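What follows is one structure encoded as structure tokens, with my remarks underneath.
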2 protein chains.
Amino acid sequence: MVRPTIADIATRAGVSKGAVSFALNGRPGVSDATRERILKIAEQMSWRPHSAARALGASRVDSVGMVIARPARTLGVEPFFAHLLSGVQSGLSAESISLQLLIVEDTAAEIEVYRRWASEHRVDGVILVDLTVKDPRVDELKALELPAVVIGGRGGKGALASVWADDRDAMLSIVEYLAALGHRRIAHVAGTPIFQHTQRRIRALRDAAPRLGLLDAPSLTTDFSDAEGAAITRKLLSQSDRPTAIVYDSDVMAVAGLGVAMEMGVSVPGDLSIVAFDDSILTQLMHPALTALSRDTFDFGRQAAEVLLETIADPATVINRRTSDPVLTVRESTAPPA
Amino acid sequence: MVRPTIADIATRAGVSKGAVSFALNGRPGVSDATRERILKIAEQMSWRPHSAARALGASRVDSVGMVIARPARTLGVEPFFAHLLSGVQSGLSAESISLQLLIVEDTAAEIEVYRRWASEHRVDGVILVDLTVKDPRVDELKALELPAVVIGGRGGKGALASVWADDRDAMLSIVEYLAALGHRRIAHVAGTPIFQHTQRRIRALRDAAPRLGLLDAPSLTTDFSDAEGAAITRKLLSQSDRPTAIVYDSDVMAVAGLGVAMEMGVSVPGDLSIVAFDDSILTQLMHPALTALSRDTFDFGRQAAEVLLETIADPATVINRRTSDPVLTVRESTAPPA
DNA sequence: TGGAATTGATAAACCGGTATAGCTCCCGAA
DNA sequence: TTCGGGAGCTATACCGGTTTATCAATTCCA
């Protein structure tokens, strides 16, 4: 049995194609009785719209895209993307819009993908992650007139729509907690400085340091890898006036740091408190389990999808939506300093 | 500047739409000179095919789909999917075919997605993962006449195309290594028995046990979660004749098991050897680092993409391709028994 | 040298929907 | 009685490609 088209339905119902189209899309132009009849026949023949045909007439393809520009090996360890994806999809599924996912090596390749998608009409809009300082993707997407929403980090004035969490507040909640425990030497093992969120976290710590009476609060940047996380930790713990607490920008680095501490005979949380700026099953698998900042990543994705759909519907208004604040989940890796 | 269509190119070149189509698709019907001229103009106008229009005429959409039916929280910890995805994409990108990814809760939802995709012509084919015993998806896909390739596990006779690694050999390489070290009490913390690969691993161990002179080689099934992995480990290590080596079906469970061992004062690898049936950064972050079975997941995905494209091109011939064998990466968690 | 085969191109149909102009019928108001 | 207008529907153009039937001009071969 071949797939039925609206022409088949029209024949069966004894009406024109146009009438069927009106009925199926709930637009005026047919009587309620006829509409009812057509819908019933469509149901019986299990008709489904042909996505390409629909995309050709109207100019929407009911599909959005997401490109992640990271080498594959650093992906995946983080549940972040899996949760984000699920969230995005739950936001899209309501409208039965599909998602195209692409993992590429770098930003240049990512921009290439946007160009292709735009010119081939493959997506109605895209979701951006990992916004960097002076991100070239923003201008490119504006030039392509491709609706987009940025996850994490306001785009700035006249920029793209966005969904963001307050990194500044998040960092404050961590260091204020550590300061309240009595820590005065806090180090921050940060990610790459090209990411806007890294910058915001670094600035937040620097600004808060004097107020909290911190003696020392260095932020050391890395490439987010476990290797660099471990190396920096080794350096920090070798200093004569070593920190009593370290904040890591990712859970993987925090775990690597914990390993270094154990290897150097530094007890956690006795001699050193550890906080991860991102939560996952990883932090819970450790002994001691790591205190971590938990974000509702699923909801993050869901809201991004919603904002994107609104942006596609009305490209003129730029939405900047702030999501729920992350909360600090205290586990076993933090305690007052010795 | 609006996007150019082949009609625009035709006008500029002073030929018909048909001629342009022939030229752009490298089919006979135009002279080399004309073809050259048309291609140059298309290049100048930076023409790209409108994917929907192409999909409507021909019956291919240059897009394949992949549905992962797992609750989001158990996803993502494993680099497995990230690597697999990258591999699939590298296999697809050569033909510039795009990938639709969907994460759903269960198999029922997954089948729903296949039905929708098939009826809406959204994909040319799909890639299946996590094949279960008597998997309902196989029959469904055959009924929908949707080309598909199964990753991991031959589909059996008259079934779908597949790309698979030899789980049996892999399990053997692990237990033979452990037996050679002198272990005679080996336990296997397996995944869910509904997965075919779980079954194959269990059987491989059971069959090999007598030959290797193993005193005891129980396989205990779990739901792949860290919680159950930990619980089973606790039980195993509490026995009077506890195993001297444990093989875990996933890296997450192996890490959880390592945590339990440390918590119970069982030294690894002194009193207990641990092997993970899957490698990732997780196993390397641990102290001791875990001995694990490494598979070339990227290549796995790449080959799956290739096989799928061949299946789409010629649905009649069913390909069953065996990939490279996994290798055992020995690290610090295995040693001769005390 | 004449008819057949080949080459290079065109015009038009087609894919499955959406959008729109227009037609018919009926009701109500001037 | 006529005209206006809306409801309900049809016919048709259109979206941007692919494909097929057709045709003229040229080449080939007996």
Side-chain angles (χ1 to χ4, degrees), chain A residues 1-39 41-42 45-63 96 116-124, chain B residues 1-39 41-42 45-63 96 116-124:
Chain A
M1 187 191 76
V2 293
R3 236 168 292 294
T5 70
I6 56 166
D8 299 328
I9 298 178
T11 311
R12 268 269 267 278
V15 294
S16 70
K17 274 173 58 183
V20 175
S21 180
F22 290 146
L24 292 170
N25 292 296
R27 348 169 81 263
V30 287
S31 68
D32 286 351
T34 313
R35 179 187 308 276
E36 195 90 358
R37 193 159 48 87
I38 291 174
L39 286 177
I41 293 175
M45 303 178 80
S46 67
W47 173 89
R48 291 298 191 86
H50 190 299
S51 58
R54 193 166 254 181
L56 193 52
S59 319
R60 73 206 143 86
V61 281
D62 287 346
S63 174
S96 83
R116 211 187 67 221
W117 276 352
S119 58
E120 295 181 2
H121 282 96
R122 273 196 182 274
V123 296
D124 294 323
Chain B
M1 188 190 76
V2 293
R3 237 167 290 294
T5 71
I6 55 165
D8 298 328
I9 298 178
T11 311
R12 268 269 268 274
V15 295
S16 71
K17 273 173 60 182
V20 175
S21 180
F22 291 145
L24 293 171
N25 291 297
R27 343 168 85 262
V30 286
S31 66
D32 286 352
T34 314
R35 180 188 307 278
E36 195 90 358
R37 192 158 50 86
I38 292 174
L39 286 178
I41 293 175
M45 302 177 81
S46 65
W47 173 89
R48 290 298 193 85
H50 189 299
S51 58
R54 190 166 255 179
L56 191 53
S59 315
R60 71 206 146 85
V61 282
D62 287 346
S63 173
S96 82
R116 212 186 65 221
W117 277 352
S119 59
E120 295 182 1
H121 283 94
R122 272 195 182 272
V123 296
D124 294 323

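If you're wondering where the values come from, they're calculated on a predicted model, not measured in any experiment. Every chain is numbered from 1, with letters handed out A, B, ... down the list of sequences.
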Handout entry: Whole angstrom value for the distance that separates C1' of C:dC15 from CZ of A:Arg48
Key = 20 Å

Exercise for the section: Give a yes/no on whether any side-chain N or O of B:Arg54 is located under 4.0 angstrom from OP1 or OP2 of D:dT18. Expected result: yes

Problem - OP1 or OP2 of D:dA7 under 4.0 Å from side-chain N/O of A:Ser31 - result: no

Practice task
Remember a base hit wins even if backbone is also touched, and classify B:Ser21 as base, sugar-phosphate or nothing at under 4.0 Å, heavy atoms.
Solution key: base

Problem - A:Glu36 CD - D:dG8 C1' separation (whole Å) - result: 17 Å

Handout entry: Presence of donor-acceptor pair under 3.5 Å, side chain of A:Lys17 and base of C:dG16
Key = no

Problem - 4.5 Å side-chain heavy-atom contact, A:Arg35 and A:Leu39 - result: yes

Practice task
Using atom types as modelled and distance alone, determine if a side-chain donor or acceptor of A:Arg37 lies under 3.5 Å from a backbone N or O of A:Ala13.
Solution key: yes

Exercise for the section: Name the nucleic acid region contacted by B:Val15, choosing base, sugar-phosphate or nothing; use a 4.0 angstrom heavy-atom cut-off, strictly under. Expected result: sugar-phosphate

Practice task
Please tell me which of the listed nucleotides, C:dA19, D:dT10, D:dC15, lies nearest to the side chain of A:Leu56?
Solution key: D:dC15

Practice task
Output yes when at least one side-chain N/O atom of A:Ser16 is less than 4.0 Å from OP1 or OP2 of D:dA11, else no.
Solution key: no

Exercise for the section: Report yes if at least one side-chain N or O of B:Thr34 is closer than 4.0 Å to OP1 or OP2 of C:dA9; otherwise report no. Expected result: yes

Exercise for the section: Using a 4.0 Å heavy-atom cut-off across all strands, classify A:Arg35 as base, sugar-phosphate, or nothing. Expected result: nothing

Fill in the blank from the handout: Picking from D:dG17, C:dG17, D:dT19, the nucleotide nearest the side-chain atoms of B:Phe22 would be D:dT19

Practice task
Could you check how far CD1 of A:Ile38 sits from C1' of C:dG17, rounded to whole Å?
Solution key: 15 Å

Practice task
Rounded to the nearest angstrom, tell me the gap between atom NE2 in A:His50 and atom C1' in D:dG17.
Solution key: 13 Å

Exercise for the section: Check every atom of D:dG17, D:dC15, C:dG17 against the side chain of A:Trp47 and return the nucleotide holding the closest atom. Expected result: C:dG17

Exercise for the section: Taking the side chain as every heavy atom from C-beta outward, state whether A:Ile41 and A:Ile38 have any pair of such atoms under 4.5 Å apart. Expected result: no

Practice task
Figure out the CG/C1' separation between A:Asn25 and C:dT20, and round it to whole Å.
Solution key: 15 Å

Handout entry: Phosphate contact (C:dG16 OP1 or OP2) by A:Arg3 side-chain N/O below 4.0 Å
Key = no

Problem - Interatomic distance, A:Arg27 CZ vs C:dG17 P [rounded to whole Å] - result: 15 Å

Exercise for the section: Among the candidates D:dG17, D:dT10, C:dA9, find the nucleotide nearest to the side-chain atoms of B:Val30. Expected result: C:dA9

Completion exercise
Picking from C:dG16, C:dT18, D:dG17, the nucleotide nearest the side-chain atoms of A:Ile6 would be C:dT18

Practice task
Flag the pair B:His50 / B:Thr5 as yes when at least one side-chain heavy-atom distance between them is below 4.5 Å, and no otherwise.
Solution key: no

Exercise for the section: Please check if the side chain of B:Arg3 supplies one atom and the backbone of B:Pro49 the other of a donor-acceptor pair under 3.5 Å. Expected result: no

Handout entry: Contact check, side chains of A:Val61 and A:Glu120, non-hydrogen atoms, under 4.5 Å
Key = no

Practice task
Rounded off to whole Å, could you give me the CG-to-C1' distance for the A:Asp8 and C:dG17 pair?
Solution key: 13 Å

Completion exercise
By nearest-nucleotide position on DNA chain C, the 5'-leaning member of B:His121 and B:Asp32 is B:Asp32

Practice task
Let me know the distance between CD of B:Glu120 and P of C:dG17, rounded to the nearest Å.
Solution key: 10 Å

